[in-house]
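Hydrogens, waters and symmetry mates play no part in the numbers below; they use all other heavy atoms, side chains included.
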Amino acid sequence: MTSSTLSRPDTARGPRDRQQRNAPTELRRPRPQFGRHLLLLVLALFTLFPVLLVISTTLKTPEDVRVNPFGFFSTISLQNIVDAWTVGRFSDYLLNSILLTVPSTALVIIFSTMAGYTFARLPFRGRTAMFYLVVLGLLVPFFTYMIPLYFQLRSMGLLDTLAGAVLLLTSTGLSFGTFFMRAFFSDLPMELEQAARVDGASELRIFLSVMLPLARSGIGALTVFTFLGNWNNFLIPLLYLPGGDFRPLTSGLYMFTGGRSLDIGPLAAGTLITILPVIVLFIVLQRQVTQGFLSGAVKG
Amino acid sequence: MTTAALPAATAATPLKRRRGSGGPTSTSPAVTRRAQTRLGLLLVAPVMIMTVVFFLFPLGNALYYSVVDFNGINPNPEFVGLANFQEMFLDPEVWHALGNNFIWIIVGTAAPLIIGLLVSVLLWTTRTGSPIYRVIFFLPYVLPGVAIGIVWGWIYDPVSGWLNQALTAIGLGDLTRGWLGDPNIALYAVLATAVWASTGFVIVILLSALRNVDIELVDSAKIDGANPAQRLWYVILPQIMPVFLMVLTLTLVGGFSVFDIIFIMTGGGPAGATNTIGTYAYSQAFELSRIGYGTTLALLITVLSVPFAVFLNRLQRRLSLDGTGA
């Protein structure tokens, strides 16, 4: 993804997308844009540099890292990845990340869709007050209540359990999820729903068979960035899984640096294991990710 | 720091505007209304239960902890009234941390917005390659803060770090230093990382807002003799103002509750030089077991940031409804 795409912007002459058609007319005239491209290229390199650094250090041999921490790899070695995977326990961390992220993301999607639909389309007394209570969670930073939450989980017997961390990851995602899905359902057309009602469909059936299929793209976008948010979450596993048995990649990586040893090689490899799933997901779904952020944030 | 910061600005979208457009109105038959109420209560139940148990209850407890002297062990902590608040106002470290918060908010908001605006306009007016740049610039925003903090900590390393080696290589060896170990520099070094991580998000959002900008206006301003800076300030910026304010709100509110990246890179050190209220509250609560005091500090952030978010939201919404943009 890196070196091949980096060299492309200067030469690419692909079909114009919407945005280029929209560009100011003065710039449609051929005119030297070398300076602009150079500037953008430098900025792009600066943005990618830390990622490239991680990749190149991971691929070095351990001796190469020690002798020559500054340079790029001379021979490719997978030793660092093997070390991180086995000695560094990153295989366990990866498994834990999956065990935490998949159920919590699924729960956020299911619960937010249900509540978002209600807040958009099923009026009843008290609905507005409930909605504001849920959305209050968007305004209050997590660490305002993270300390009491620690003792609450302890007394509930959920501290240092997978279930506890999954529930917390879920609950912190619900405010935004509900808010997002409500906005999405509000924008769907009324006619189908009314037609179904005239045909005698029950309210539950309207939700499941008429509205849910229409909401697929909204659910897809929400899934992607709920997944990203839960995968990247740092504080919840760090605070509420102190024992270390269920440590996911983020807090595992943080703990790995605790020793402050000179093991830059395995550290880079661990970092790569942590960010690789995110990068792959992002590149595959980049349109959904950015569009999702836009529709969630701008339209509201 | 990523998704947590995002929703804050969007929170206060009016319900009223939607009323009547979504869902049946009061003209629906009573049978329908009853069925809707029943289903509605059923569907919101999980979210309401989770909200009460894992948000409202601990939030209420936070208020309680702020008026007791709780060490995390004692089952019956002593009621101390407003002593925690009094200590907070007299604690010089709080004022120092709060000052750092404000530096963080101002620089950490202004820099991504200015750089992001310039780069997004540059991308908008450049013919090719923008989809690729968009992906590259957005990438840091989806990376976990831990990874970002670790890699930048390593770039800043005083001995083998890339930054010092690069400075030496280009003959600026005098500038080398322990970036995260120097109390005068550390905060800005961490801030630079945060700017690196968040500017791409600004670029992508503004770029999409620029798609709706009226090109005729930009062109006619050019014919009227407006220079590029004037065109940006008087013609382009007003048209994307609602989105610009939305991004401003997001970065601003995120700046109040900054935690991850400082915690990971310096832990608030050296000697408290990079403490913000967030890291200070954490160390008081979890390292010194001063739960009551730590919670009081955390409440301060909410009290400070919520009015900002609400104000900017209203402004943004009014501009949007005026039809000037999205």
(request) State, with a plain yes or no, whether a side-chain heavy atom of B:W162 is found less than 4.5 Å away from one of B:D157. (result) no
(request) Select one option (side chain, backbone, both, neither) describing which atoms of A:L168 are under 4.5 Å from chain B's heavy atoms. (result) side chain
(request) Heavy-atom distances under 4.5 Å only: say whether A:F185 touches chain B with side chain, backbone, both or neither. (result) neither
(request) Let me know if A:T250 has heavy atoms under 4.5 Å from chain B in its side chain, its backbone, both or neither. (result) both
(request) Go through the atoms of A:L174 and report whether side chain, backbone, both or neither lie under 4.5 Å from a heavy atom of chain B. (result) side chain
(request) Identify which part of B:V53 has an atom lying under 4.5 Å from any heavy atom of chain A, answering side chain, backbone, both or neither. (result) both
(request) Give a yes or no on whether the backbone of B:W196 and the side-chain of B:T199 come within a donor-acceptor separation of less than 3.5 Å. (result) no
(request) Could you check which of B:G294, B:A62, B:P46 has the highest count of heavy-atom pairs closer than 4.5 Å to chain A? (result) B:P46
(request) Just give me the residue among A:P50, A:G173, A:P189 that pairs up with chain B most often, heavy atom to heavy atom, under 4.5 Å. (result) A:P50
(message) Taking the ring centre of each residue, are A:F49 and A:F46 less than 6.0 Å apart?
(response) no
(message) I'd like to verify something: which residue of A:Y117, A:Y150, A:F151 has the highest number of heavy-atom pairs under 4.5 Å with chain B?
(response) A:F151
(request) Answer whether the closest heavy-atom distance between the side chains of B:T276 and B:T279 falls below 4.5 Å. (result) yes
(message) So for A:L43, is it side chain, backbone, both, or neither that comes closer than 4.5 Å to the heavy atoms of chain B?
(response) both
(request) Answer with side chain, backbone, both or neither: which region of A:F111 has an atom nearer than 4.5 Å to a non-hydrogen atom of chain B? (result) both
(request) Given salt bridge (Lys or Arg N to Asp or Glu O under 4.0 Å), test A:R197 with A:E203 step by step and report yes or no. (result) CA-CA 8 Å; A:R197 198 168 282 130; A:E203 291 297 323; 2.8 Å; yes
(request) Please determine, among B:L59, B:I150, B:V119, B:N61, the option with the most heavy-atom pairs under 4.5 Å with chain A. (result) B:I150
(request) Answer yes or no: is there a donor N or O on one side and an acceptor on the other, between the side chain of B:R290 and the main chain of B:Q284, under 3.5 Å? (result) no
(message) Please find the pair of heavy atoms, one from A:F143 and one from B:A298, that lie closest to each other, and give the distance.
(response) O-CB, 3.4 Å
(request) Please flag which part of A:L281 lies under 4.5 Å from any non-hydrogen atom of chain B: side chain, backbone, both or neither. (result) neither
(message) For the interface with chain B, which of A:L153, A:T274, A:V140 has the highest count of heavy-atom pairs at distances below 4.5 Å?
(response) A:V140
(request) State, yes or no, whether a side-chain contact exists between B:F263 and A:L238 at a heavy-atom distance under 4.5 Å. (result) yes
(message) What part of A:L167 gets within 4.5 angstrom of chain B, counting heavy atoms only: side chain, backbone, both, or neither?
(response) both
(message) Which heavy atom of B:R231 sits nearest to which heavy atom of B:A221, and what is that distance?
(response) CG-CB, 4.0 Å
(request) Sort B:L41 into side chain, backbone, both or neither according to what part of it lies under 4.5 angstrom from a heavy atom of chain A. (result) both
(request) Tell me, for A:I110 versus chain B, whether the close heavy atoms (under 4.5 Å) come from the side chain, the backbone, both or neither. (result) neither
(request) Side-chain contact test, heavy atoms from C-beta onward, threshold under 4.5 Å: evaluate it for B:I115 versus B:L118 and give yes or no. (result) no
(request) Please determine, by modelled atom types, if A:S112 and A:R182 share a side-chain donor-acceptor pair under 3.5 angstrom. (result) no
(request) Say whether B:S66 and B:T295, considering side chains only, have a donor N or O and an acceptor N or O under 3.5 Å apart. (result) no
(message) Could you measure the distance from the CG atom of A:N230 to the CG atom of A:L169? Nearest 0.5 Å is fine.
(response) 4.5 Å
(message) Can you tell me which portion of B:L122 sits under 4.5 Å from chain A's heavy atoms? Options are side chain, backbone, both or neither.
(response) both
(message) If I measure from the heavy atoms of chain B, does A:R125 come under 4.5 Å with its side chain, its backbone, both, or neither?
(response) neither
(request) Answer with side chain, backbone, both or neither: which region of A:L136 has an atom nearer than 4.5 Å to a non-hydrogen atom of chain B? (result) both
(message) Heavy-atom cut-off 4.5 Å, strictly under: side chain, backbone, both or neither for A:L272 against chain B?
(response) neither
(request) Compute the ring centroids of B:F70 and B:Y64, then answer whether they are less than 6.0 Å apart. (result) no
(request) Measure B:Y65 against the heavy atoms of chain A and call it side chain, backbone, both or neither at under 4.5 Å. (result) side chain
(message) At a heavy-atom distance under 4.5 Å, which candidate from B:T51, B:V135, B:L299 has the highest pair count against chain A?
(response) B:V135
(request) Specify which of A:L239, A:T178, A:L39 makes the most heavy-atom pairs with chain B at under 4.5 Å. (result) A:L239
